[in-house]
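Computed from heavy atoms alone, side chains included, the values below leave out hydrogens, waters and symmetry copies.
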Amino acid sequence: MMNLSKQTYPFQNQPLPYAYDALEPYIDQKTMHLHHDRHLQTYIDNLNKTIAGYPQFHSWTIEDFLRNISFLPISIQVPVWRNAGGVYNHELFFQVLAPADTATGSFAKVEELLKDFGGLEGFQEQMTDAALSVFGSGYAWLVMDENGLSIMTTANQDTPLAGNRYPLLLIDVWEHAYYLKYYNMRVEYIKNWFSIIHWPEVIRRYHRYR
């Protein structure tokens, strides 16, 4: 079955690209199970319910909804925005993670990609600051647009798509992404997250939309 981002109504969840315990010890099996099978599934179910009675939008993809939210009836704009954003953000989050022994890819390519941040070390510092700056629930992102790469944050289930930015990478800093293992220690979760970034996928996304 195709990725959620390519699907149209009714949207259907897809298996993780790795086992639930594949990201340990950085992210635990129970968190991954709940995050994918419960949290993501809830956004999918709610989105399907919201647009079920609007067949004129059944050919739209997740990105279509997020880029064209103003074309929807006002009564469903907010729930579609929240739930389509939840679907999009979660799918990308899972896609840009990988087991630590397969995640890194070519160090030279990663350094080249991140040269404007001072390489990987500079990127880690700036991304950490961004992720820690998110008040409450949201995300920190590595995005690209016509001006190049930048780091940004969003609240709740907002995405960079509305600003015509294309995301390469994100870290989920909603508590459900880390609380079972890290409790309130968001900084430890962020530190460990860098060990499981799927850099080959990030670089692929960069070259695809450059």
Side-chain angles (χ1 to χ4, degrees), residues 16-44 66 81-105 110 113-114 116-144 149-163 165-199 201-202 205:
L16 287 170
Y18 35 75
Y20 291 106
D21 63 352
L23 304 183
E24 292 187 346
Y26 305 103
I27 301 180
D28 60 284
Q29 178 179 354
K30 186 173 183 180
T31 293
M32 292 303 297
H33 175 76
L34 293 173
H35 203 171
H36 178 269
D37 292 9
R38 300 287 185 88
H39 290 280
L40 172 55
Q41 187 63 53
T42 296
Y43 287 114
I44 294 170
L66 294 171
W81 178 260
R82 289 174 177 169
N83 289 293
V87 174
Y88 182 88
N89 295 346
H90 280 90
E91 182 182 38
L92 180 56
F93 177 69
F94 297 135
Q95 287 177 344
V96 296
L97 298 179
D101 59 347
T102 63
T104 54
V110 173
L113 176 71
L114 302 175
D116 290 343
F117 302 101
L120 179 59
E121 184 177 351
F123 169 76
Q124 289 177 337
E125 293 177 357
Q126 295 174 57
M127 192 72 172
T128 297
D129 289 344
L132 290 174
S133 76
V134 176
F135 183 78
S137 300
Y139 299 84
W141 305 77
L142 174 65
V143 300
M144 63 183 302
L149 300 183
S150 61
I151 292 171
M152 64 175 292
T153 64
T154 58
N156 301 315
Q157 294 300 352
D158 292 350
T159 80
L161 297 177
R165 299 181 180 93
Y166 179 72
L168 303 182
L169 175 70
L170 77 163
I171 179 170
D172 186 340
V173 290
W174 285 65
E175 286 190 343
H176 66 245
Y178 64 89
Y179 201 82
L180 290 180
K181 180 176 178 66
Y182 295 97
Y183 302 103
N184 64 326
M185 298 299 294
R186 181 186 285 187
V187 66
E188 289 299 314
Y189 160 66
I190 296 167
K191 177 182 177 182
N192 286 336
W193 169 80
F194 288 107
S195 298
I196 49 174
I197 295 174
H198 188 13
W199 285 111
E201 173 63 15
V202 176
R205 293 177 65 84

Identify each donor-acceptor pair in which a side-chain atom of residues 16-23 lies under 3.5 Å from a protein atom, sequence neighbours left out, and give them as a table.
| from | atom 1 | to | atom 2 | distance (Å) |
| --- | --- | --- | --- | --- |
| Tyr18 | OH | Phe94 | O | 2.8 |
| Tyr20 | OH | Asp37 | OD1 | 2.9 |
| Tyr20 | OH | Asp37 | OD2 | 2.8 |

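The line from CG of Leu113 to CZ of Arg205 is 12.5 Å long, rounded to the nearest 0.5 Å. The line from CH2 of Trp141 to CG of Asp172 is 9.5 Å long, rounded to the nearest 0.5 Å. The CG atom of Asp116 lies 10.5 Å from the OG atom of Ser150; values are rounded to the nearest 0.5 Å.
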Step by step, work out the side chain to side chain contact (heavy atoms under 4.5 Å, CB included) result for Leu97 and Trp193. CA-CA 8 Å; Leu97 298 179; Trp193 169 80; 3.4 Å; yes
Applying side chain to side chain contact (heavy atoms under 4.5 Å, CB included), run through Thr42 and Asn83 and close with a yes or a no. CA-CA 8 Å; Thr42 296; Asn83 289 293; 5.9 Å; no
I would like to know whether Arg186 and Leu132 meet side chain to side chain contact (heavy atoms under 4.5 Å, CB included); could you show each step before the answer? CA-CA 7 Å; Arg186 181 186 285 187; Leu132 290 174; 4.1 Å; yes
Apply side chain to side chain contact (heavy atoms under 4.5 Å, CB included) to residues Val143 and Leu168 and explain how you reach the verdict. CA-CA 5 Å; Val143 300; Leu168 303 182; over 6 Å; no
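Residues Ser137 and Glu175 have side chains not in contact (no heavy-atom distance under 4.5 Å, counting atoms from C-beta outward).
Within 6.0 Å of atom CD in Glu188, more than 12 heavy atoms from other residues, nucleotides or ligands are found, so the atom counts as buried in its surroundings. The local environment of OH in Tyr179 is crowded, with over 12 non-hydrogen atoms from other residues, nucleotides or ligands closer than 6.0 Å.
If you look at His176 and His90, their ring centroids are closer than 6.0 Å.
Listed by chain and number, the residues in a ring pair (Phe, Tyr, Trp, His ring centres under 6.0 Å) with Tyr178 are Tyr189 (sequence neighbours excluded).
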